[in-house]
Visitor: 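I'd like to ask you about the structure that follows.
Protein chains get the first letters and strands the later ones, always in sequence-line order, with residue 1 at the start of each. Keep in mind that the numbers below use all heavy atoms, side chains included, and drop hydrogens, waters and symmetry copies.
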Amino acid sequence: MASRALFKAAASRGMAVRQNYIRPLSTVNALRQSVPTTESNTTDQVAPESLVPPTTTPLKKPIRQSVASAVEPVTPYNLSIARLMAAGLHLGHSTSLWEPATLPFIFGTREGISIINLEHTLVYLRRACNVAREVALRGGSILFVGTRPGFQDLTIEAARYCDGFHVSSKWIPGTLTNRHQVLGRHAAPDPEDPGRPPKTYKPDLIVLLNPLEHKIAISEAQLNNIPIIAITDTDYDPRRVAYPIPANDDSIRGVELIAKVISTAARDGLHRRKQLLDQREKEKKLLRKQHSSKY
Amino acid sequence: MSSLLKLARVLPATRVGIQIPALSITKRFASNFHQQHNATSTQDDILQYREKPESLSYFTGNFKYNDLLIELDALHKRFANYKPIDAINATDLSSQLLTSESVEDKVYSWKLRDKMSELLSIPLTTSQWRKITSHLTALASLPKPLPPSVVSILGPYQRFDNVNQQQAKTQNLDEYGRAYAAGRRKESSARCYLVQGEGKILVNGMELDQYFQRSVDRNEVTLPLDVTETKDNYNAWIIVKGGGTTGQAQAIKHGLGKALLIHNEALKPTLRKAGCITRDPRVVERKKEGQKGARAKYTWVKR
């Protein structure tokens with residue numbers, strides 16, 4: 001870095017260095033040629049220490065967050081392989097823990113871990129976003145399930161963003177198959193008919209951020225015909241869920257990206273639904289006016 | 001092919017509230033999927049109102065509890081970088097010191113599990129209660145003075161009988177200036193009266209050297225006074241019964257320690273370190289059947 005700066009400084013000062021020799025492949029050669037000719041005090045001007053901000057500057061947010069917010073936010077419409085790679089979604093698990101069913105999604109192996117092919121990730125992520133959008137458009141309820149210790153905040157955020165639901169501490173076995181006991185336990189009883197067990201609801205789509213630990217949840221959902229979107233890593237069979245997304249399930253940044261993207265798509269669907277509902281209301285009002293003006 | 005069939009099976013079934021006409025009897029293949037789809041779906045079906053649960057945490061099974069934890073977390077995050085603004089009357093140093101002391105002294109004690117369950121109308125287990133109180137303590141540990149929104153939220157969770165408990169416990173000297181305390185150890189109990197005096201000790205009407213022949217026991221009796229260097233300030237009148245010599249000596253030690261505390265609260269840390277305040281809970285362990293003693297077993301026989 002320092003050598004590059006020095007070379008730039010030397011070139012900009014018009015030392016006639018450029019015209020006389022072919023541009024060096026490495027800046028180290030340039031350094032060797034330019035340093036003897038420059039004076040000592042000029043090298044101080046472009047010292048590497050000056051490039052680093054002083055320690056007194058307050059860092060309010062961690063750098064990762066400020067970088068993430070500086071760049072435009074991730075949506076389902078501006079996904080790219082570069083972004084997925086920056087979030088670390090291509091890093092699979094160790095090759096010794098490999099699930100052979102993930103073979104189509106693996107790009108190769110390196111340093112003993114499998115690398116996931118992000119072209120597939122992109123395609124499957126877009127498909128999952130479409131599913132989420134359409135479910136939200138039809139007024140379905142989306143449940144985000146993420147129970148690893150670092151995932152709790154992002155699951156709750158994603159659920160809140162698209163008016164969905166979350167399970168972030170523990171998936172109680174029987175939430176779907178034993179609904180009346182698990183979910184009906186804390187529900188308020190019917191005001192008219194206290195004897196009757198209260199009404200329980202089912203989600204229409206489940207987004208699982210760590211399917212490896214949720215065998216029970218997956219089997220319950222399958223029994224109730226609820227499709228699942230799940231982040232399937234290289235140690236998990238993607239054929240077990242309806243909409244797998246082959247990606248890294250360990251990196252918090254990566255999972256945050258996926259959860260945010262799906263939740264943004266769902267929010268779009270909600271928005272569209274609201275638009276259609278408003279449109280229908282308007283049409284109804286118009287019809288009513290016409291009727292009343294007729295008679 | 002199988003995945004397509006799975007899709008075809010899953011998608012139409014999940015759409016609740018659709019009036020599917022007699023067409024539903026036809027077999028569902030990928031080839032006639034769109035036929036069915038277009039025949040039955042209209043804009044109205046998509047936009048039909050579908051009832052949803054109210055709470056964000058409905059599917060956790062305990063939504064009120066989880067919602068509460070989320071709310072407390074969010075509040076904590078909101079005030080993560082809170083720094084209290086300087087008091088308006090910061091120029092007057094003495095008043096500032098007073099206010100800072102009174103504010104920092106406030107110890108938050110939270111309602112116990114039963115009362116908190118009542119308050120929140122959620123049945124709480126001990127671990128759930130502990131989690132809630134840890135979140136509340138985290139909020140209460142923000143730099144003081146606390147922001148008013150936090151104070152208003154923490155208000156209902158506080159336990160108010162704490163004040164009464166503190167007042168009830170103080171012991172006083174009686175009309176003759178004596179402090180009375182009882183000490184116990186291992187079947188012995190000692191009634192100790194401690195008065196301001198020259199340093200005389202009488203046990204059951206006898207002098208200390210007369211009653212306790214062993215110097216070890218004599219040292220035990222005078223330990224509380226020696227450790228606090230108040231040997232010549234107090235006279236002690238002690239009635240002890242039960243147990244044996246060592247037990248009685250240590251019971252007297254316990255009683256004198258407690259009596260000394262009534263005279264002077266500030267000696268507590270010294271006395272505690274010397275071991276004069278804690279009632280020694282060790283007693284003779286019972287003998288169990290099938291064994292020779294409390295721990296000793298009968299001789300083990302191989303056959």
Visitor: Heavy atoms only, distances under 4.5 angstrom: which of A:Val182, A:Leu183, A:Val167 has the most pairs with chain B? Name it, please.
Guide: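 Result: the option with the highest number of such pairs is A:Leu183.
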
Visitor: Once rounded to the nearest 0.5 Å, what's the spacing between atom NZ of A:Lys274 and atom CG of B:Leu47?
Guide: 13.5 Å

Visitor: Between A:Ile172 and chain B, which part of the residue has a heavy atom less than 4.5 Å away: side chain, backbone, both or neither?
Guide: side chain

Visitor: Does B:Arg50 use its side chain to pair, donor to acceptor, with the backbone of A:Gly139 at less than 3.5 Å?
Guide: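 Yes, because the side chain of B:Arg50 sits within donor-acceptor range (under 3.5 Å) of the backbone of A:Gly139.
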
Visitor: Do NZ/NE/NH1/NH2 and the carboxylate oxygens of B:Lys52 and A:Asp163 come within less than 4.0 Å?
Guide: no

Visitor: Under 4.5 Å heavy-atom distance to chain B, tell me which part of A:Lys202 shows up: side chain, backbone, both or neither.
Guide: backbone

Visitor: Could you look at A:Leu137 and say if it's the side chain, the backbone, both or neither that has a heavy atom under 4.5 Å from chain B?
Guide: both

Visitor: Which distance, rounded to the nearest 0.5 Å, do you find between the CZ of A:Arg273 and the CD1 of B:Ile46?
Guide: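 CD1 of B:Ile46 is found 9.0 Å from CZ of A:Arg273.
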
Visitor: Please evaluate residues A:Asp153 and B:Lys77 with respect to the criterion side-chain contact (heavy atoms from CB on, under 4.5 Å), reporting the C-alpha separation (whole Å), side-chain torsions for both, the decisive distance (0.1 Å), and the verdict.
Guide: CA-CA 11 Å; A:Asp153 286 338; B:Lys77 262 194 210 138; 3.4 Å; yes

Visitor: Provide the full list of side-chain hydrogen bond (donor to acceptor under 3.5 Å, both in side chains) pairs with a residue in residues 268-282 of chain B, sequence neighbours left out, each pair given once.
Guide: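 Only B:Asp280-B:Arg282 qualify under side-chain hydrogen bond (donor to acceptor under 3.5 Å, both in side chains).
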
Visitor: Given a strict heavy-atom distance threshold of 4.5 Å, which part of A:Thr200 is in contact with chain B: side chain, backbone, both, or neither?
Guide: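 Both backbone and side chain.
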
Visitor: Count the heavy atoms of every other residue, nucleotide or ligand shown that sit under 6.0 Å from CD1 of A:Ile216, and state whether that count exceeds 12.
Guide: no

Visitor: Which region of A:Thr175, side chain (C-beta onward) or backbone (N, CA, C, O), has a non-hydrogen atom less than 4.5 Å from a non-hydrogen atom of chain B, or is it both or neither?
Guide: side chain

Visitor: Residue by residue, which of residues 127-135 of chain B have a heavy atom closer than 4.5 Å to a heavy atom belonging to chain A?
Guide: none

Visitor: Would you compute the distance between atom OG of A:Ser168 and atom CG of B:Asn66 and round it to the nearest 0.5 angstrom?
Guide: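 Between A:Ser168 OG and B:Asn66 CG, I get 6.5 Å after rounding to 0.5 Å.
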
Visitor: Non-hydrogen atoms of chain A under 4.5 Å away: do they reach the side chain of B:Tyr49, the backbone, both or neither?
Guide: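 Backbone only.
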
Visitor: Working to the nearest 0.5 angstrom, can you tell me the gap between B:Leu56 CG and A:Arg160 CZ?
Guide: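 Going from the CG atom of B:Leu56 to the CZ atom of A:Arg160 covers 6.0 Å.
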
Visitor: Given a strict heavy-atom distance threshold of 4.5 Å, which part of B:Ser121 is in contact with chain A: side chain, backbone, both, or neither?
Guide: neither

Visitor: Side chain, backbone, both or neither: which part of B:Ile70 has a heavy atom under 4.5 Å from chain A?
Guide: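 Only the side chain of B:Ile70 comes within 4.5 Å of chain A.
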
Visitor: Atom CD of residue position B:Gln158 - does it have more than 12 heavy atoms of other residues, nucleotides or ligands inside 6.0 Å?
Guide: yes

Visitor: Considering non-hydrogen atoms only, spot the tightest contact between A:Phe165 and B:Tyr58 and give its length.
Guide: CD2-CB, 4.4 Å

Visitor: Does CD belonging to A:Glu213 count more than 12 external heavy atoms closer than 6.0 Å?
Guide: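 Correct, the count exceeds 12.
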
Visitor: Rounded to the nearest 0.5 Å, what separates atom CH2 in A:Trp171 from atom CZ in B:Phe59?
Guide: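 So the gap between those two atoms works out to 8.0 Å.
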
Visitor: Of the listed residues (A:Arg179, A:Lys170, A:His186, A:Arg185), which shares the most heavy-atom pairs with chain B below a 4.5 Å separation?
Guide: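 When all of A:Arg179, A:Lys170, A:His186, A:Arg185 are compared, A:His186 has the most.
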
Visitor: Do the non-hydrogen side-chain atoms of A:Arg138 and B:Gln48 ever get within less than 4.5 Å of each other?
Guide: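 A side-chain contact is absent here, since even the closest heavy-atom pair is not under 4.5 Å.
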
